[in-house]
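Comments concern the structure below.
For the numbers below, each heavy atom of this structure counts, side chains included, while hydrogens, waters and symmetry mates do not. A quick note: this is a predicted structure, and the numbers were derived from the prediction, not measured.
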Amino acid sequence: MSRPLSKIAPEWWDYTTLDAEILSDAAQLTAETLLELSRPGFQIHYYDTLEDFYLAEALEYVEAWKSSTADNPVGICGPIGPTEQLPLVARIVNALDINLKHAHFWGMDEWVEDGRPVPMDHPLSFARADFGLCFDRIKPELRMPLENIHFPSGDLEEYSRTYDAIRCATMQGGQGDTKHWAFNDPVRREGAYKDAPPTPEEYRKLATRVVDLHPITILQNARTSGGGYVANVPSQACTVGPIETWKADKVSIWQAGMHDNPFGMRLSAFMVAKKICDSSTPMSLLGEHPNVHFHFYRPALKKIEAEMH
């Protein structure tokens with residue numbers, strides 16, 4: 001039986017092409033039954049205040065960096081979205097005089113325009129945000145060397161190889177409206193994928209690469225980062241892939257309700273918990289990773305019900 005067309009972008013795959021029963025089961029989850037989805041290899045955490053939420057996220061950076069040594073370098077891969085944790089990271093490092101000489105950091109992604117990653121002076125540059133919100137705020141004597149900061153904006157194969165040379169303690173991320181981590185978006189509904197999206201096995205073979213962004217992702221980033229000015233948002237990006245993600249000891253997803261909605265947060269958690277893996281909903285593939293943590297700002301879960309404004 002053929003799958004339905006997307007209700008949002010018929011030329012693409014996305015979560016609206018899933019079986020209606022999956023969508024219904026996710027929509028019926030309450031905050032209490034969502035928490036009960038935790039299982040070995042997948043843990044759900046709640047935070048009642050944003051202060052606690054972002055502090056806990058920042059501490060993952062500190063925990064990873066403190067474990068790094070010259071003989072055993074360790075790093076964390078982090079997102080832009082959310083960003084509220086980044087100034088807290090710098091403040092903690094400075095307050096505790098944590099020397100980052102042997103620590104590493106990977107940026108998850110970067111925008112691409114005209115076939116090339118955008119430079120740091122681009123207003124939407126993720127590298128620019130990481131430096132402005134975090135690294136430039138760390139005391140010079142404590143900062144990690146520039147060569148320990150890795151962005152997918154140059155030699156992408158070299159970027160990928162660093163995950164073999166350095167232990168990634170945690171790959172952190174948010175969740176986009178397409179249910180992606182980094183920019184691992186669903187693919188276009190064409191060619192070999194006209195009737196079905198890539199199998200989970202196919203999708204998991206993807207490494208760091210340049211991707212075409214789903215229309216949902218473009219609209220989301222215009223809303224969250226560009227004041228709604230869609231024309232200013234690139235349609236491509238470099239992104240860390242599943243290959244590198246599966247080399248991380250832990251995948252840690254932080255959802256404060258700013259980048260996805262109450263239904264979307266439920267859907268990805270439900271699919272990961274039940275190991276319902278479908279590349280139309282890329283976050284679902286994390287159901288096959290051995291150590292995944294979802295962190296929710298509990299008030300953002302709200303209820304799935306009609307609410308007129």
* Asked: More than 12 non-hydrogen atoms from neighbouring residues, nucleotides or ligands closer than 6.0 Å to CG on D164, yes or no?
  -> yes
* Asked: Do R204's NZ or CZ and the ring of W246 fall within the cation-pi criteria of under 6.0 Å and 45°?
  -> yes
* **Gap separating the CG atom of D260 from the CG atom of L267, nearest 0.5 angstrom** => 8.5 Å
* Can you find a pair of side-chain heavy atoms, one from V112 and one from V211, that are under 4.5 Å apart? -> no
* Asked: Do side-chain atoms of N148 reach the backbone of A103 as a donor and acceptor pair under 3.5 angstrom?
  -> yes
* Say whether, by atom type as modelled, one donor and one acceptor occur between the side chain of H104 and the main chain of S68 under 3.5 angstrom. => no
* To do: Calculate, to the nearest 0.5 Å, the distance between atoms CD1 and CD belonging to I253 and Q175 respectively.
  => 7.5 Å
* Can you check whether H150 reaches S160 side chain to side chain, under 4.5 Å on heavy atoms? -> no
* **Within 6.0 angstrom of K302 NZ, more than 12 heavy atoms from elsewhere** => no
* Asked: Does any donor atom in the side chain of S67 or E63 lie under 3.5 Å from an acceptor atom in the other side chain?
  -> no
* Asked: Can H45 and H293 be said to form a side chain to side chain contact (heavy atoms under 4.5 Å, CB included), step by step?
  -> CA-CA 7 Å; H45 310 268; H293 293 252; 2.8 Å; yes
* Pair I92-L55, side chain to side chain contact (heavy atoms under 4.5 Å, CB included): steps then yes or no -> CA-CA 10 Å; I92 294 168; L55 178 59; 3.9 Å; yes
* Look up atom CG in D25 and atom CE in M271, then write down how far apart they are to the nearest 0.5 Å. => 11.0 Å
* **N/O donor-acceptor pair under 3.5 Å between S279 side chain and P282 backbone** => no
* Which atoms form the tightest heavy-atom contact between T83 and L133, and what is the distance? -> CB-CD1, 3.7 Å
* To do: Any chance you could measure S284, atom OG, to L18, atom CG, to the nearest 0.5 Å?
  => 7.5 Å
* Answer yes when K247 and E244 have at least one side-chain N-carboxylate O distance shorter than 4.0 Å, and no when they do not. => no
* To do: Examine the side chains of D212 and H214 and answer whether a donor and an acceptor come within less than 3.5 Å of each other.
  => no
* Strictly by modelled atom types, are S6 and W13 linked by a side-chain donor-acceptor pair under 3.5 Å? -> no
* **E147 and K101 ion-paired at < 4.0 Å** => no
* Distance-only side-chain donor-acceptor flag, R209 / N184, under 3.5 Å -> yes
* Beyond-backbone contact of T17 with L5, side-chain heavy atoms, under 4.5 angstrom -> no
* Does CD belonging to E141 count more than 12 external heavy atoms closer than 6.0 Å? -> yes
* Asked: Between the side chain of R167 and the main-chain N/O of G75, is any donor-acceptor distance below 3.5 Å?
  -> no
* Asked: Can H259 and T224 be counted as having a side-chain donor-acceptor contact under 3.5 angstrom?
  -> no
* Asked: If we only count heavy atoms from C-beta on, is the L23 to T16 side-chain gap below 4.5 Å?
  -> no
* Between R223 (side chain) and G228 (backbone), is there a donor-acceptor pair under 3.5 Å? -> no
* Asked: If you draw the axis of the six-membered ring of W12, does the NZ or CZ of R189 fall within 45° of it and under 6.0 Å from the ring centre?
  -> no
* Indicate the ring-plane relationship of F53 and W254, choosing parallel, tilted or perpendicular according to the 30° and 60° boundaries. => perpendicular
* **Nearest heavy-atom neighbours spanning T245 and G241** => OG1-O, 2.8 Å
* When rounded to the nearest 0.5 angstrom, what distance separates OG in S225 from CH2 in W111? -> 7.0 Å
* Asked: Can any side-chain N or O of S125 pair as donor or acceptor with the backbone N or O of D121 at less than 3.5 Å?
  -> no
* For P262, does its backbone N or O pair with a side-chain atom of R266 as donor and acceptor, under 3.5 Å? -> yes
* **Ring centre gap for F42 and F294 strictly below 6.0 Å** => yes
* **Check against side-chain hydrogen bond (donor to acceptor under 3.5 Å, both in side chains), S252 and E60** => CA-CA 9 Å; S252 186; E60 284 194 331; 2.9 Å; yes
* Please walk me through it: do S2 and D195 pass side chain to side chain contact (heavy atoms under 4.5 Å, CB included)? -> CA-CA 7 Å; S2 62; D195 298 320; over 6 Å; no
* Is the backbone N or O of G132 less than 3.5 Å from a side-chain atom of R137, with the two atoms forming a donor-acceptor pair by type? -> yes
* Asked: P73 versus H102: any side-chain heavy-atom pair under 4.5 Å?
  -> no
* Student check: side-chain heavy atoms of W106 and Y159 closer than 4.5 Å -> yes
* Asked: Hey, is the main chain of D249 close enough, under 3.5 Å, to the side chain of N291 for a donor-acceptor pair?
  -> yes
* Within a strict 4.5 Å, meaning less than it, do heavy atoms of the F126 and F151 side chains meet? -> no
* Any Lys/Arg nitrogen of R3 or D278 sitting under 4.0 Å from an Asp/Glu carboxylate oxygen of the other? -> yes
* Is it true that atom CZ of R91 has more than 12 heavy atoms of other residues, nucleotides or ligands lying nearer than 6.0 Å? -> no
* State yes or no: do I276 and L29 share one hydrophobic cluster built from I, L, V, M, F, W and Y residues joined by side-chain heavy-atom distances below 4.5 Å, directly or via other members? => yes
* May I ask you to check if K179 and Y15 form a cation-pi contact, with NZ or CZ under 6.0 angstrom from the six-membered ring centre and within 45° of the axis? => yes
* **K66 atom NZ, neighbour heavy-atom count above 12 within 6.0 Å** => no
* Asked: Is it true that I218 and I80 fall in one hydrophobic cluster, defined by side-chain heavy atoms closer than 4.5 Å?
  -> yes
* Asked: Does V240 offer a backbone N or O that forms a donor-acceptor pair with the side chain of T208 under 3.5 Å?
  -> no
* To do: Using a strict cut-off of less than 4.0 Å between a Lys/Arg side-chain nitrogen and an Asp/Glu carboxylate oxygen, indicate whether D97 and K139 qualify as a salt bridge.
  => yes
* Asked: Going by distance alone, is a donor N or O of one side chain under 3.5 Å from an acceptor N or O of the other, for T178 and D14?
  -> no
* Asked: Are F105 and V251 joined in one hydrophobic group, where the rule is that I, L, V, M, F, W and Y side chains link up if heavy atoms are under 4.5 Å apart?
  -> no
* To do: Check whether the side chains of T30 and T33 place a donor and an acceptor atom closer than 3.5 Å, and report yes or no.
  => yes
* Asked: Once you round to the nearest 0.5 Å, how far does CG of D52 lie from CZ of R298?
  -> 13.5 Å
* To do: Show the numbers, then the answer: is there a side chain to side chain contact (heavy atoms under 4.5 Å, CB included) between L142 and N94?
  => CA-CA 8 Å; L142 299 177; N94 289 337; 3.9 Å; yes
* How are the rings of F296 and Y46 set to each other: parallel, tilted or perpendicular (split at 30° and 60°)? -> perpendicular
* Of all the heavy-atom pairs spanning I76 and T170, show the shortest one and how long it is. => CG1-O, 3.2 Å
* Should R116 and D114 count as side-chain neighbours, where that means a heavy-atom distance under 4.5 Å? -> no
* Write down the atom of L285, the atom of Y203, and the distance for their closest heavy-atom approach. => CD1-CD2, 3.4 Å
